[in-house]
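Take a look at the structure below.
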Amino acid sequence: MKEKVIEFMNSKKLILIVFVLAAILFAIPSMKYLLENGTIFNFNEYFKFCLDDTNRVEQTIIYLVILTILTICYFFIVKNRDKLLKTNKQMYMFIAIMSMIFVIIVPFLSSDVFYYLGVGRLDSAYGQNPYYVTIQDFVETGDNSQYLEQDTVLAKGYENDWGSTTVVYGPVWTLICKIVAGISFGNIDISLLLFKLLNMVIHLVNCYLIYKITGKKLFVLLYGLNPYILIEGIANVHNDIYVVTCILASLYFLLKKKNIIVGIVFLALATAIKYFAILLLPFIIIYYFRDKKPGERLKNCILYGMLFVLIVVITYLLYIQDIQVLSGIMTQQEKFTKNFYIMLMEYFDIPNLVTNVNRILLISFIIIYFFTCLTLLFKKQITFREEMRKAEYFLIAFLFLLITNFQPWYIMWLFPVMMWQRKEILELVIQIALISQFANSVFLVNGEGWRNGTPFTFFMLLGVCICLMSHRKTISMRQMSRRKTISMRQRRKRWIILF
């Protein structure tokens with residue numbers, strides 16, 4: 001018995017236990033809070049690690065230590081995946097276990113889920129159109145404030161920072177919120193649990209789709225056990241994970257089922273949650289008709305583009321009354337946080353500097369994107385890998401250069417097409433995602449506030465620079481080793497010739 005225990009302790013499988021224990025440690029502050037308070041309703045410290053008996057600095061240190069352990073274990077498991085998780089069943093079971101642990105964790109780094117649920121409750125229980133009526137408008141009209149006492153979902157949404165804003169997402173997401181909030185009986189604890197369980201299921205579906213598309217455990221684990229995904233997708237309950245699902249489903253039907261119509265439908269649904277997904281549309285259509293002549297490709301782009309627009313418009317018919325239905329999206333773009341724009345605002349007192357920079361970048365993006373698609377129409381040989389690499393570059397540029405209201409969970413947009421990227425780009429995306437979680441510690445220390453976007457951006461840029469430098473060293477070392485190998489082979493050939 002002792003020999004078996006020693007053998008197990010010495011085996012690499014011990015890292016799986018450490019990973020699970022680190023996740024449990026991550027969940028303990030949340031469990032402690034829920035046991036002491038009995039409800040999530042009074043949880044107002046969104047940027048706090050759920051430890052009321054310790055100060056912010058100590059909580060942040062605990063957060064960083066546990067996150068570091070999770071990150072180290074994550075990379076070790078991915079590297080030794082064939083030894084640690086030999087079968088697909090073991091892989092899915094382990095991902096499911098980790099996901100269930102993160103269901104317990106209170107959304108301490110974001111309050112968006114309470115806005116989601118408040119909007120859903122406004123729609124489902126009170127028959128209000130959330131694209132035209134805000135939660136605060138409804139509550140503060142007539143005697144509607146009485147509903148706050150009996151409806152903790154609505155009350156929590158009313159307190160949220162976004163409570164005075166109409167819906168900033170597409171109608172598919174609003175419909176999902178309506179369904180979840182509608183079956184919650186106005187109880188914030190039930191609704192949050194339902195949302196978290198749903199996000200966990202969506203996460204597992206994403207893992208399954210990634211495997212069906214690639215057939216490789218590597219990409220499933222890079223996504224499925226990623227601490228960044230587990231925190232932002234399940235713990236903080238962000239809706240970007242649903243966009244990932246729709247894009248993956250679109251790619252699955254395109255590549256594996258050869259069904260362009262269903263692929264377009266899912267891409268339209270993704271766009272009807274968050275509009276950035278439309279950037280993939282030309283790449284998908286042109287790839288599918290890659291064997292056709294340029295004229296036929298253009299014709300199909302128009303035809304299936306119209307199908308795409310039709311589906312998006314149909315989803316908006318659920319809520320549309322006039323063009324104001326898009327006002328929420330514009331409101332979100334007008335906000336500035338957590339990117340280089342916030343640094344320009346703070347350090348450069350130049351009138352319209354931020355607006356002009358954003359406008360120049362947007363025009364440049366549109367021109368480059370247009371000519372890339374135009375070139376693709378006339379390209380003779382089209383490979384999916386190459387086009388997805390181009391699409392990833394556009395997503396990266398859109399994410400980090402055009403969005404003024406950048407948030408760490410937006411990095412999730414880069415994951416659906418990660419399977420076709422070069423190794424160095426794939427590694428960089430994974431590292432940037434994890435860096436964003438470490439950079440978020442700024443908010444754990446100082447609380448929520450737009451000025452914290454500057455130190456957040458600084459740490460993000462610093463982390464990215466360090467990663468780029470390490471990549472350059474790795475590439476140069478690989479090149480040197482290749483040169484040595486080639487020179488050794490040449491020497492061997494010379495000796496063989498001589499003798």
Side chain to side chain contact (heavy atoms under 4.5 Å, CB included) involving Met343 - partner list, sequence neighbours excluded: Tyr347, Thr454, Thr457, Leu461
Can you see which heavy atom on Pro455 is nearest to which on Val442, and at what distance? CG-CG1, 3.6 Å
Student check: side-chain heavy atoms of Val113 and Asn236 closer than 4.5 Å: no
Is the side chain of Lys196 donor-acceptor paired with the backbone N or O of Val106 at a distance under 3.5 Å, no angle test? no
Salt bridge (Lys or Arg N to Asp or Glu O under 4.0 Å) against Lys216, all qualifying residues, sequence neighbours excluded: none
Working to the nearest 0.5 angstrom, can you tell me the gap between Ile95 CD1 and Leu85 CG? 8.0 Å
Would you mind listing every ring-ring contact (aromatic ring centres under 6.0 Å, His included) that reaches into residues 239-267, with sequence neighbours excluded? Trp173-Tyr242, Phe253-Phe266
Are Leu204 and Ser99 side-chain neighbours, meaning at least one heavy-atom pair lies under 4.5 Å? yes
Rounded to the nearest 0.5 Å, what's the gap from CD on Glu58 to CD1 on Ile62? Could you check? 7.0 Å
Minimum side-chain heavy-atom gap Phe219-Leu222 below 4.5 Å: yes
State, yes or no, whether a side-chain contact exists between Ile411 and Asp240 at a heavy-atom distance under 4.5 Å. no
Under the rule for side chain to side chain contact (heavy atoms under 4.5 Å, CB included), what residues qualify as partners of Pro29, not counting sequence neighbours? Phe49, Cys50, Leu51
Assess whether atom CE of Met93 is packed by more than 12 heavy atoms of other residues, nucleotides or ligands within 6.0 Å. no
For residues Leu377 and Cys301, determine if any side-chain heavy atom of one lies less than 4.5 Å from a side-chain heavy atom of the other. yes
Strictly distance-based, threshold 3.5 Å: is any side-chain N or O of Asn239 a donor or acceptor partner for the main-chain N or O of Ile273? no
Could you go through the side chain to side chain contact (heavy atoms under 4.5 Å, CB included) check for Leu255 and Tyr287 one step at a time? CA-CA 10 Å; Leu255 298 174; Tyr287 168 76; 3.8 Å; yes
Heavy-atom count around Tyr92 OH within 6.0 Å, excluding the residue itself: above 12? yes
Specify whether Tyr410 and Trp413 have parallel, tilted or perpendicular ring planes, treating 30° as the upper limit for parallel and 60° as the lower limit for perpendicular. parallel
When you compare the side chains of Tyr74 and Asn226, does any donor N or O come within less than 3.5 Å of an acceptor on the partner? yes
Residues at least two apart in sequence or cross-chain that pass side chain to side chain contact (heavy atoms under 4.5 Å, CB included) with Leu401, listed by chain then number, are Phe340, Leu361, Ala397
Mind checking what makes side chain to side chain donor-acceptor pair (under 3.5 Å) contact with Thr39, not counting sequence neighbours? Asp189
Can you tell me how far the CG atom of Leu175 sits from the OG1 atom of Thr315, to the nearest 0.5 Å? 9.5 Å
Should the ring pair Trp420 and Phe384 be called parallel, tilted or perpendicular, given that the plane angle runs from 0 to 90° and is split at 30 and 60? perpendicular
Yes or no on side chain to side chain contact (heavy atoms under 4.5 Å, CB included) for Trp162 and Val119, after CA distance, side-chain angles and deciding distance? CA-CA 10 Å; Trp162 291 90; Val119 164; over 6 Å; no
With a 4.5 Å cut-off on side-chain heavy atoms, are Ile430 and Phe75 touching? yes
Evaluate Phe43 against Tyr33 for ring-ring contact (aromatic ring centres under 6.0 Å, His included), listing each step before the verdict. CA-CA 9 Å; Phe43 183 68; Tyr33 178 87; 5.1 Å; yes
Heavy-atom side-chain contact between Met418 and Ile210 under 4.5 Å: yes
Strictly distance-based, threshold 3.5 Å: is any side-chain N or O of Lys212 a donor or acceptor partner for the main-chain N or O of Lys256? no
Going by the side-chain hydrogen bond (donor to acceptor under 3.5 Å, both in side chains) test, which pairs reach into residues 429-444, not counting sequence neighbours? Glu232-Gln437, Gln431-His471
Centre-to-centre under 6.0 Å for Phe459 and Phe438, is that the case here? no
Say whether, by atom type as modelled, one donor and one acceptor occur between the side chain of Arg297 and the main chain of Ile286 under 3.5 angstrom. no
Given 3.5 Å as the limit, does a donor-acceptor pair link the side chain of Ser250 with the main chain of Cys246, or not? no
Quick check: closest heavy atoms across Asn358 and Leu402, and the distance to 0.1 Å? ND2-O, 3.0 Å
For His238 and Trp409, take the angle between the two ring planes, folded into 0 to 90°, and tell me which bin it lands in: parallel under 30, tilted 30 to 60, perpendicular over 60. parallel
Does the Asn80 side chain pair with the main chain of Lys83, one donor and one acceptor, at a distance under 3.5 Å? no
The test is side chain to side chain contact (heavy atoms under 4.5 Å, CB included); show your working for Leu209 and Val244 and say whether it passes. CA-CA 10 Å; Leu209 286 172; Val244 172; over 6 Å; no
Tell me if the aromatic rings of His203 and Tyr223 count as close, with their centers under 6.0 Å from one another. yes
Hits for side chain to side chain contact (heavy atoms under 4.5 Å, CB included) against Cys73, two or more places apart or cross-chain, chain-then-number order -> Ile15, Val18, Phe19, Ile69
Measure across Leu117 and Ser191 and return the closest heavy-atom pair with its distance rounded to 0.1 Å. CD1-OG, 3.6 Å
Give a yes or no on whether the backbone of Met388 and the side-chain of Gln421 come within a donor-acceptor separation of less than 3.5 Å. yes
Those residues that, when tested against Tyr211, pass side chain to side chain donor-acceptor pair (under 3.5 Å) (two or more places apart): Asn88
Side-chain heavy atoms of Ile466 within contact of Ile435, under 4.5 Å: no
Cation-pi geometry met for Lys338 and Phe443 (6.0 Å, 45°): yes
Which heavy atom of Leu230 sits nearest to which heavy atom of Gly224, and what is that distance? CD2-O, 3.8 Å
Keeping Tyr116 on the side-chain end and Ile176 on the backbone end, is there a donor-acceptor pair under 3.5 Å? no
Which residues share a salt bridge (Lys or Arg N to Asp or Glu O under 4.0 Å) with Asp291, sequence neighbours left out: none
In sequence, state the C-alpha distance, the side-chain angles, and the governing distance for Phe276 and Ile247, and then conclude on side chain to side chain contact (heavy atoms under 4.5 Å, CB included). CA-CA 11 Å; Phe276 79 91; Ile247 294 177; 4.2 Å; yes
What is the distance from atom OG of Ser110 to atom CD1 of Ile231, rounded to the nearest 0.5 Å? 12.5 Å
So if I apply the ring-ring contact (aromatic ring centres under 6.0 Å, His included) rule between Tyr369 and each of Phe394, Tyr393, Phe398, which one comes out positive? Phe394
For Lys379, what residues pass the salt bridge (Lys or Arg N to Asp or Glu O under 4.0 Å) criterion, not counting sequence neighbours? Glu386, Glu387
In chain order, what residues pass the side chain to side chain donor-acceptor pair (under 3.5 Å) check against Tyr228, with sequence neighbours excluded? none
Using a 3.5 Å distance criterion without hydrogens, assess whether the side chain of Lys257 forms a donor-acceptor pair with backbone atoms of Leu254. no
